[in-house]
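Here the structure comes first, spelled out in structure tokens, and everything after it is commentary.
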Amino acid sequence: MSKNQEIADLFEEMADLLELTGANAFRVNATRKVARTLEELPSDVGDMENDPKQITAIDGIGAGSAKRIIEYLQDDQIADLEALRSEVPTGLIQVLGVPGLGPKTVATLWKEANVTGLESLRKAIDRGALESLPRMGKKTVDNIRQSLDFVAAASTRYRLDQAMQEAESIVASLSSTPGVNKITYAGSLRRGRDTVGDVDIIATTSKPDALAERFTSLPEIAKVQAKGSTKCSIRRTSGLQVDLRMFKNVGYGAALLHFTGSKEHNVVLRQRAIDRGQRLSEYGLFEENDGDEPRLLEAESEENIYAALGLPWIPPPLREDRGEFVDQLPTLIEIKDIRSDLHSHTTASDGKLSIEEMAKAAKKRGLKVLAITDHSRSSFQANGLDVDRLKAHIDAIHEVNDNIKGITLLAGSEVDIHAEGNLDYEDDILAQLDIVVASPHMPVKQEPAAATKRLIRAVSHPLVNILGHPTARLINRRAGLEPDMAAVVAAATDSNTALEINANPMRLDLRDTHARLAMEGGCMISINTDAHGADQFDLLRYGIMTAQRGWVTADRCINTWTTAKLKKWIAAGRTS
DNA sequence: GCCGTTTTCGGCCCGACTGTTTTCAGTCG
């Protein structure tokens, strides 16, 4: 298992503790950057123990951090971190996570009021120890108390689909407000991240006060946190925070660009502007003007701002500072490219509709191919099919296929991958299917090495066409398997097996970074909804967003292929 | 702490809101 995440967590902790000691902010930032760099590093820093040069060659990691990384690899601890831990109560890191409390305030709370964690903060508030501190009035203390309650109650990030539903409903409610010209959501939601911390809405309007009024009096608001003429902030009863930014009827592109982020992407863009004697903010791209007011170069469209910075327009899912600042970007896959869904369920196992009803629902959405892949026998909780039921089911699918026009049905199965990597049906049964999706279900907790072995064995099976939801994670509920994904990708590439991006927003598995690995490793991708009913076909959009974040192109996704090409690929995979 | 075809030292992105202030610090995104 890669050491990257483990060490990244330590650097993140180090950054928090440094901040609390009042360390130089740039040093804190540099430490956080090391953490982020490690998180996204495709190779394992654990393999570089004997080669410091290899570590310092990584952008953002210098000699100091390399030394600490090697120290951890050899001694299992970092002396500087241990020193910080003994200096600063580690419970203060949770206090830093309370909205409204930053490093300066937390340090004051610690030194002046003996706050060492969430519990002692609560007690300090209750005994009135905070009011006497500098810049600490009644209102501030009240806000801290409320934030504390919120932290105790809420999970920190919201699933993409949950945030999307709230955002789309808010945008729809506000778009008819008098004066509003353009309005949309931005932020990590627009970038299609699998979870979002809050929702950012951008609007241009000639009457900001009217819009602010409407926004802060929407239904389902738990608290209005800020209300100004350019910015408002609310917390919904769901716990989700929504920020509204209002702009005059100019500069929509600059605003959208700024608030779409990511922060890391924006930092690079701004630096690029500075290198050209320019300045980029949410109001536009400006040119220095000999001490006079800077001159506005461009603000209306994202395309023009990028162009002025010498870049092509960068699609929001790519805006993560993960290599997107290049002259030529790939053409990302879109919903309209998708012709088939190769993972779906019917009443034969745990779906809600019959074969024919699913086929009609898929056809109605413009799909040309639908694979019916009900659960295999070991998934008894999902009414998985034993061999006799499966044989009858194959016949039933073929019969519906013979009688329906405009869509091709494939008789498949979502076959459980057992703990050791063996499959839930014998080969002679699998050979009777038109397509095989093999997925890990139980167990979902396994040592990384065992999980890697399990998945490699499954993708290497000649009768397996697609590896379904490879890690079996459930967002905000369980972490799932942690295989060496690069090794799984390599095995899948060798055996011509596609890796699935399961579009169900509870899964989004492969996740974005894994999809990117798959693209770089050369294996095929399959984007499927895993639909258990008609409305779940509409979840495809989330799978597409994840695919775009993984730099997936249409030609590498088997669901974009013609029926003939798809069938040929399935057949070819089975001869090996 | 990291970085560098103008630099191995001196920089490191920008602006709004809140709550406390009488001119601004801290936080957030």
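All values below were derived from every heavy atom in this structure, side-chain atoms included, with hydrogens, water molecules and symmetry-related copies excluded. By convention in this document, chain letters (A, B, ...) are assigned in the order of the sequence lines, proteins followed by strands, and residues within each chain are numbered from 1. Model, not experiment: these values are computed from the prediction.
Contact annotation for A/R32: no contact, since no heavy-atom pair falls under 4.0 Å across all strands.
Of the two residues contacting DNA chain B, namely A/G102 and A/C232, the nearest-nucleotide position lying further toward the 5' end is that of A/C232.
Within residues 159-171 of chain A, no residue is approached by DNA chain B to less than 4.0 Å at the level of any non-hydrogen atom.
Candidate nucleotides B/dC12, B/dG15, B/dC2 were compared by shortest atom distance to the side chain of A/F26, and B/dC12 ranks first.
Note on A/T140: every side-chain N or O is 4.0 Å or more away from OP1 and OP2 of B/dT18. Side-chain nitrogen and oxygen atoms of A/S65 include at least one within less than 4.0 Å of the OP1 or OP2 phosphate oxygen of B/dC2.
A salt bridge is absent between A/E19 and A/R27; no separation between the charged side-chain nitrogens and carboxylate oxygens falls under 4.0 Å. Of the charged side-chain nitrogens involved, none lies within less than 4.0 Å of a carboxylate oxygen, so that A/R190 and A/E168 do not count as a salt-bridged pair.
Annotated as syn: B/dT7, whose O4'-C1'-N torsion sits within 90° of 0.
Cation-pi geometry between A/R279 and A/F286 is met: under 6.0 angstrom from the ring centre, within 45 degrees of the axis.
By the 4.5 Å heavy-atom criterion applied to side chains, A/E264 and A/K33 are not counted as neighbours.
Between A/H258 and A/Y283, the gap from one ring centroid to the other reaches at least 6.0 Å.
At whole-Å resolution of the value, CG in A/L133 and P in B/dA25 are 18 Å apart.
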